[in-house]
Asker: 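One structure, as structure tokens, below. Some questions next.
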Amino acid sequence: MMYPIVAVAIVIATVVIYFLFRKLYLRYPYPILLPVVTSTVFILLILLFFNISYEDYLIGGEWLSRLMGPAIVALAFPLYKQRILVLRYSVMIGGAVLIGVFLGFSTVYGLALLFQFNDILVATVLPKSITAPVAVEISAALHGLPPLTATFVLVAGFSGILIGPWVMQKAGIRSLYGKSIALGGASHAMGISKAAEYGNIPLSMSSIAMTLSAIVASLFIPIFIWIF
């Protein structure tokens, strides 16, 4: 009897915390106050303060994590609404995705060699810039460590939305489309949440960049590892 009550309480608490921090971000739109960052840190502090294990939190948190798949699929709707404009920029999106995926896993692979990672760790870190459900599957298929891969995915997402806009500004990138494609390709769902602030068209471009990056990486990462 207590199990569903605890699960519902955790879900409600998580959602309330997220929307409170979202209101804070809308009032003070600083990158460090992005709700996906602040709410995550706040929930983590609560778990540590009350000595609540991650397994206990997952009693309800797992319900929310299962919504990730439908949420990603739902991104097809804004993509469909803006399909004409997305097709117009298909060459730009496709080229950016190919370059981004290649640079992403080749630089990670170079760092892995530099620090002498073994094959298991290499397979674990390579998919870090792909959306979590796909990254975990690739890691498992390559005999990596899927839970650790999920952690690297989170780090890539957080760092991308926190540092990415600043880096692109310093690099002189002004195009909202270019920024959105970069965010979706490098920071997956978190990048899309940031791109949504730029409008519906950037949101569509960011979502298709994330999807294409996952497809391209699924095809090329195993080949890359096999060759090198």
Side-chain angles (χ1 to χ4, degrees), residues 36 67-109 123-142 144 146 149-150 152-161 163-165 167-168 171 173-228:
V36 70
L67 295 175
M68 181 182 294
I72 292 174
V73 173
L75 292 172
F77 180 68
L79 179 61
Y80 174 77
K81 289 182 64 176
Q82 305 293 341
R83 62 192 182 279
I84 296 177
L85 284 172
V86 172
L87 287 173
R88 182 185 302 172
Y89 295 102
S90 58
V91 174
M92 179 179 70
I93 296 173
V97 166
L98 288 173
I99 294 171
V101 170
F102 178 76
L103 288 177
F105 63 70
S106 61
T107 51
V108 169
Y109 185 74
T124 299
V125 299
L126 275 183
K128 56 89 182 172
S129 292
I130 311 170
T131 183
V134 180
V136 168
E137 291 298 324
I138 293 176
S139 177
L142 297 175
T149 298
F152 283 115
V153 169
L154 286 175
V155 171
F158 283 138
S159 60
I161 60 176
I163 304 173
V167 171
M168 288 186 283
I173 299 174
R174 301 283 185 259
S175 170
L176 293 182
Y177 298 167
K179 292 180 180 179
S180 301
I181 294 169
L183 287 168
S187 300
H188 29 86
M190 294 185 192
I192 291 175
S193 69
K194 179 64 179 177
E197 300 176 14
Y198 303 149
N200 288 331
I201 298 175
L203 170 63
S204 299
M205 291 188 168
S206 184
S207 62
I208 195 171
M210 181 193 72
T211 304
L212 287 177
S213 295
I215 294 172
V216 172
S218 300
L219 294 173
F220 284 101
I221 286 181
I223 297 174
F224 187 86
I225 289 182
W226 178 71
I227 294 175
F228 294 98

Asker: Hey, could you give me each pair passing salt bridge (charged side-chain N to carboxylate O under 4.0 Å, His left out) that has a residue in residues 204-219? Not counting sequence neighbours.
Answerer: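 Residue pairs with at least one partner in residues 204-219: there are none.
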Asker: Would the number of heavy atoms belonging to other residues, nucleotides or ligands and lying under 6.0 Å from CZ of F220 be above 12?
Answerer: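 Open: at most 12 neighbouring heavy atoms sit under 6.0 Å from CZ of F220.
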Asker: Can you list every pair that meets salt bridge (charged side-chain N to carboxylate O under 4.0 Å, His left out) and has a residue in residues 198-215, with sequence neighbours left out?
Answerer: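 Applying salt bridge (charged side-chain N to carboxylate O under 4.0 Å, His left out) to every pair that reaches into residues 198-215, excluding sequence neighbours, yields nothing.
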Asker: Taking only residues two or more places apart in sequence, or in another chain, which ones meet F152 in a ring pair (Phe, Tyr, Trp, His ring centres under 6.0 Å)?
Answerer: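 Result, ring pair (Phe, Tyr, Trp, His ring centres under 6.0 Å) vs F152: none returned.
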Asker: Check side chain to side chain donor-acceptor pair (under 3.5 Å) between K128 and all other residues, then give those that pass, not counting sequence neighbours.
Answerer: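 Testing K128 for side chain to side chain donor-acceptor pair (under 3.5 Å), a comparison that skips the adjacent residues, returns none.
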Asker: Tell me, please, which residues at least two apart from F158 pass ring pair (Phe, Tyr, Trp, His ring centres under 6.0 Å).
Answerer: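 Partners of F158 under the ring pair (Phe, Tyr, Trp, His ring centres under 6.0 Å) test: none.
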Asker: How many angstroms lie between OG in S187 and CG in L154, if you round to the nearest 0.5 Å?
Answerer: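 Rounded to the nearest 0.5 Å, the OG-CG separation comes to 11.5 Å.
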Asker: To the nearest 0.5 Å, what is the distance between CD1 (I215) and CD1 (I208)?
Answerer: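 Answer for the CD1-CD1 pair, I215 versus I208, is 8.5 Å.
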Asker: Measuring from I201:CD1 to Y89:OH, what's the distance to the nearest 0.5 Å?
Answerer: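 OH of Y89 is found 7.5 Å from CD1 of I201.
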Asker: Identify the heavy atoms of I192 and S207 that sit nearest to each other, and give their distance.
Answerer: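 Nearest heavy atoms, I192 then S207: CD1-CA, 3.5 Å.
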Asker: Which residues pass the side chain to side chain donor-acceptor pair (under 3.5 Å) test with S139, not counting sequence neighbours?
Answerer: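 Once residues adjacent in sequence are excluded, the partners of S139 under the side chain to side chain donor-acceptor pair (under 3.5 Å) criterion are T149.
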Asker: Minimum heavy-atom separation for H188 and A156, please, with both atom names.
Answerer: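 Scanning both residues, the minimum pair turns out to be NE2-CB, 4.2 Å.
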Asker: Treating S206 as the side-chain partner and P202 as the backbone partner, does any N or O pair qualify as donor plus acceptor under 3.5 Å?
Answerer: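 No.
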Asker: Quick one: side chain to side chain contact (heavy atoms under 4.5 Å, CB included) partners of E197, sequence neighbours excluded?
Answerer: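 E197: side chain to side chain contact (heavy atoms under 4.5 Å, CB included) contacts with Y25, L34, K194.
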Asker: Please find the pair of heavy atoms, one from L203 and one from A196, that lie closest to each other, and give the distance.
Answerer: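 In this case the closest contact between L203 and A196 is CD1-CB, 4.1 Å.
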Asker: Kindly write out the residues that satisfy side chain to side chain contact (heavy atoms under 4.5 Å, CB included) with L103, not counting sequence neighbours, or none if the list is empty.
Answerer: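 Partners of L103 by the side chain to side chain contact (heavy atoms under 4.5 Å, CB included) criterion, ordered by chain and then number, come out as I99.
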Asker: Return the set of residues passing side chain to side chain contact (heavy atoms under 4.5 Å, CB included) with S218 (not counting sequence neighbours), or none when no residue passes.
Answerer: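 For S218 the side chain to side chain contact (heavy atoms under 4.5 Å, CB included) partners, ignoring immediate neighbours, are V134, I138.
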Asker: Do you know the tightest heavy-atom contact between V108 and V125?
Answerer: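 That would be CG1-CG2, 3.5 Å.
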Asker: Quick one: closest heavy-atom pair of L212 and I93, and the distance?
Answerer: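 Smallest heavy-atom distance, with atoms named: CD1-CG2, 4.1 Å.
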Asker: Salt bridge (charged side-chain N to carboxylate O under 4.0 Å, His left out): which pairs involve residues 89-102, sequence neighbours left out?
Answerer: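 Every candidate salt bridge (charged side-chain N to carboxylate O under 4.0 Å, His left out) pair involving residues 89-102 fails, so no pair, neighbours aside, qualifies.
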Asker: Show me, pair by pair, the donor-acceptor contacts under 3.5 angstrom made by side chains of residues 174-184, not counting sequence neighbours?
Answerer:
residue, atom, partner, partner atom, Å
S175, OG, Y177, N, 3.2
S175, OG, G178, N, 3.1
S180, OG, L176, O, 2.7

Asker: Please identify each residue that fulfils side chain to side chain contact (heavy atoms under 4.5 Å, CB included) with V136, with sequence neighbours left out.
Answerer: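 Residues passing side chain to side chain contact (heavy atoms under 4.5 Å, CB included) with V136: P146, A150.
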